Participant: 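Please find one structure pasted underneath; my questions will follow.
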Amino acid sequence: MTGKDRIYKAIRREAVDRTPWVPFVGCHAGALLGVPADEYLRSEDHIVNGVTRAIERYHADGIPVVFDLQIEAETLGCELAWAKENPPAVTSHPLANGTTLADLRVPRPEDGRIGLCLSAARRLGKMHPDVALYGLITGPFTLALHLIGTDIFLKMFETPNEIRALLGFCRDVCQAMAGYYLKAGCGVIALVDPMTSQIGPDQFKEFVTPAAAPVFDFIRRSGGLGSFFVCGHAQQNVKAMCECGPDNISVDENIPLQYVREVCESKNVSFGGNLQLTSVLLLGKPADAQRNAIACMDVAGERGFILAPGCDLPYATPPENLEAIFPVVSDPYQRDVARSLAIESSGQDRLNMADYGQQDKVIVDIITLDSEACAPCQYMVDAVRKVAPEFQDIVEWREHKIKYRESLVFMASLMVRNIPTICIDGQITFVSRIPPRDELVAAIQKRINEKFRMGILQRQGAIHLVGEDSPATEAVHEVLQRAVKELGADVPIRRVRDEKRFKDYGLLKSQTPAVYTVKYRLRSRGKTPEIAAVKEWVKDLL
Amino acid sequence: MSDSPLRETPRWRGHVAEAGQRPDRNVSPERARDAQRAPIPVLLITGFLGAGKTTLLNHLLAQPAVQSQRPALLINEFGSLGVDGALARKGEWEVYEINKGSLFCSCAQTSLLTALGDAAQRVRPGLLIIEATGVSETRDIEPLFDARPISGAFRVLANLALIDAAAFTRLAAYLRPAVSQAAAADGLVLNKTDLAPAADLDCVERLLRQINPRAPVVRVQRGALAWDFIAGLAHTRPSEALATAPPPTIAAASFNTDRPVDRQRFLEVIHNLGASLLRLKGNILFTSGPCFAEYAGQELVQGPPLKDRGPTAFTVIAHGLERPALQACFEAAFASSV
């Protein structure tokens with residue numbers, strides 16, 4: 001099965017031999033060539049060479065020809081600010097600067113940079129016939145925002161017909177661009193509309209659906225496959241996106257993949273995503289990328305899923321992190337190895353938790369994916385948040401979101417394997433189960449009691465009365481007993497009567513009766529203490 | 001400056017941070033020392049484009065209480081550059097400018113991380129003021145301070161949301177971050193109070209107190225906020241703030257039809273919605289004749305119908321009820337609905 005077959009089948013929710021993998025390489029391909037983004041995105045040759053290099057290095061089943069959401073906007077009169085390590089940014093909006101909608105016309109294939117993108121697509125199609133080429137087009141809402149600026153949000157209320165007309169124009173642009181890319185050999189058209197994450201499902205259905213749905217209908221009638229890309233906090237719109245009629249949707253790390261799977265399967269739409277761009281692919285190591293890829297595949301299942309980053313890869317993404325993905329995608333053995341390594345080999349990063357939870361407060365750690373994005377995690381965090389104030393300042397709780405590397409290390413150090421999990425003073429207490437209030441209170445209270453007992457033990461002391469049985473010694477004993485009784489203290493009085501032991505106290509018989517107080521302090525339990533630690537204890541005694 | 005990974009801008013004594021520039025992961029002895037220093041306090045300013053963030057920022061920068069803290073600025077605006085250049089030139093503060101245009105998603109976070117990394121390692125300001133883009137989610141910004149390259153280098157002093165008193169109720173139903181920024185704020189600055197009628201102001205303030213009951217609200221004109229207000233704020237991480245006080249529903253519904261509306265029933269609907277009704281605007285074909293109606297600040301203004309709209313074409317925004325319920329309320333006002 002070729003990469004192209006694999007992608008097409010996965011998009012159609014047909015069976016595939018393995019999970020297909022699509023690195024969303026945009027200006028990052030410039031980094032592979034050693035050219036800055038502003039040069040890369042304006043050169044047909046660079047695009048062809050950069051994408052080719054990415055296909056070869058990352059063993060891509062599919063790949064975008066260009067990832068630049070400013071191409072249509074630039075052609076329609078938006079000014080751009082170019083950057084060395086970024087796609088360009090739109091800095092002016094023609095419809096906010098005197099241009100009217102009637103002045104704009106749908107771009108032709110030769111306008112602006114469209115021609116070089118289409119030419120690159122044709123060349124790449126011939127060079128890599130087994131790879132699925134994605135033609136990326138700016139979604140209607142994002143394009144409308146480019147053209148009119150952020151006034152779009154106020155105008156959705158003030159002059160909704162104006163915005164509907166604008167989105168109608170953007171729909172025509174999207175449809176034209178989809179047609180150009182299909183004709184140039186792209187089998188998958190991705191409508192990339194990140195700005196829709198800013199609006200709710202009601203506004204999505206009112207303004208975006210009428211513009212997006214006809215584009216997907218057009219793509220289907222033209223024999224292509226349509227994918228709807230979004231990024232950011234767009235969970236609220238996933239259902240509405242599916243109802244626009246795409247074959248596939250693709251999301252970033254802000255939307256839980258499990259949620260996307262459930263919605264998409266109910267709508268018979270395939271889905272893709274959502275490798276973490278910053279914390280894993282940019283800042284992490286190859287092992288992190290492999291772990292993340294495996295986690296995505298585990299959640300997504302075997303049918304109708306395409307593994308991909310959440311969005312356009314940053315320019316400086318370390319290539320070795322992306323190279324690490326293919327082995328775990330293609331080889332079950334490598335996957336198992338990576339799984340084992342993920343669990344066992346992160347020892348180098350592990351924290352020394354031997355003394356964790358020994359301080360006065362009880363620490364409740366909640367290990368989550370992210371309580372803002374994962375419902376079970378949220379419920380677990382809520383459960384602890386509600387209970388903690390009942391213990392006033394005795395209990396302190398913390399959430400550890402494993403999307404951050406530090407939290408992942410913390411999780412491994414506590415030997416936590418499931419999410420979400422509650423640990424009390426470092427001990428795994430509730431795993432993948434939201435504890436009822438009473439159960440949680442009881443678990444925390446149990447730990448408080450343990451600490452209380454431990455505190456008593458640590459503070460324990462005794463009185464040693466040294467001296468043979470004699471009236472003088474008995475008189476001292478009576479005084480000691482009375483003092484302890486009047487204080488209500490739990491302090492034992494130990495009698496040392498054996499004359500041979502007097503010297504242990506540095507005493508002569510003539511110096512008795514004598515009284516010693518002894519205070520015990522627990523320093524170590526169930527382990528061999530470090531010698532440096534013992535020296536510190538000894539110093540305390542000197 | 002030349003050894004900085006960031007490019008110098010000709011306009012300001014500052015830098016342009018670009019996404020994709022990789023924050024340095026090597027820990028130098030100097031950086032290790034920095035890590036032991038106290039975290040840099042951060043003042044985060046959010047608010048929709050046009051809410052007056054730049055004016056407020058300039059007002060703050062003019063105050064000795066701010067100048068004495070050796071501030072640095074990180075401007076993360078959407079599609080335009082916001083700080084008053086003249087004022088920035090006068091000061092000695094460092095300015096980081098992140099203009100990500102339309103890209104504000106995960107891939108944009110690298111720019112912010114790069115700028116924060118430079119501020120933590122090289123500049124070490126006494127106060128970092130971040131002017132966030134109007135479409136950014138506050139909850140996305142704060143976790144960035146936990147990211148490995150800059151972990152422990154910053155602490156959020158306060159998170160201010162600037163609210164455009166004249167536009168907020170129109171915007172809230174359409175732009176999710178407008179509400180979530182307010183919900184996550186430690187302090188709410190109701191700006192442009194001179195441009196909104198008193199009744200409208202009360203309506204916005206009431207709504208803000210429902211969205212975020214824990215944050216104090218201050219009314220200002222032209223961004224004239226005293227540092228004392230910020231100094232008195234207590235910071236709460238957005239995730240905690242949002243979880244304890246979910247923002248109320250703010251729904252919008254549009255009607256576009258030829259069906260006539262019964263004026264009496266329509267007025268009853270408005271009366272019954274009371275303070276829940278935030279805005280209404282558009283043409284309404286009453287059985288007694290067509291007119292244009294606009295509701296704001298608990299006042300209904302009527303006039304001749306707009307020519308570019310249908311006979312009954314209006315949009316209504318309310319809080320405290322879902323869209324279907326809002327639609328049902330006004331459906332009952334149509335003459336044919338009985």
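Residue numbers begin at 1 in each chain, while the letters A, B, ... track the order of the sequences. Note that the coordinates shown come from a computational prediction; the quantities given were computed from them, not determined experimentally.
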Participant: Find the distance between OG1 (A:Thr196) and CZ (B:Arg176) and round it off to the nearest 0.5 Å.
Facilitator: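 Between atom OG1 of A:Thr196 and atom CZ of B:Arg176 there are 10.0 Å.
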Participant: Hey, could you give me the CG/CD1 distance between B:Leu175 and A:Ile199, rounded to the nearest 0.5 Å?
Facilitator: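 B:Leu175 atom CG to A:Ile199 atom CD1 measures 9.5 Å (nearest 0.5 Å).
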Participant: Which heavy-atom pair separates A:Phe157 from B:Ile317 by the least distance, and what is that distance?
Facilitator: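 Result for this residue pair: CD1-CD1, 3.5 Å.
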Participant: If you count every heavy atom of other residues, nucleotides or ligands that lies below 6.0 Å from A:Glu396 atom CD, does the total exceed 12?
Facilitator: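 Correct, the count exceeds 12.
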Participant: Heavy-atom distance under 4.5 Å to chain B: side chain of A:Asn161, backbone, both or neither?
Facilitator: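 Just its side chain gets close to chain B.
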Participant: Is A:Glu158 close to chain B through its backbone or its side chain, or both, or neither, when contacts mean heavy atoms under 4.5 Å?
Facilitator: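 Both parts, heavy atoms under 4.5 Å.
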Participant: Return yes when atom CD of B:Glu322 has more than 12 non-hydrogen atoms of other residues, nucleotides or ligands closer than 6.0 Å, and no otherwise.
Facilitator: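 Atom CD in B:Glu322 is not packed in, count stays at 12 or less.
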Participant: Are B:Arg323 and A:Glu206 close enough for a salt bridge, meaning some N to O gap below 4.0 Å?
Facilitator: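 The answer is yes: the pair qualifies as a salt bridge.
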Participant: Taking the side chain as everything from C-beta on, heavy atoms only, tell me whether B:Ser254 gets closer than 4.5 Å to A:Gln203.
Facilitator: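 A side-chain contact under 4.5 Å is absent here.
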Participant: Going from CG on A:Leu282 to OG1 on B:Thr114, what distance comes out if it is rounded to the nearest 0.5 angstrom?
Facilitator: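 OG1 of B:Thr114 is found 7.5 Å from CG of A:Leu282.
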Participant: Rounded to the nearest 0.5 Å, what separates atom OH in B:Tyr174 from atom CG in A:Leu154?
Facilitator: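 Separation between the atoms: 10.0 Å.
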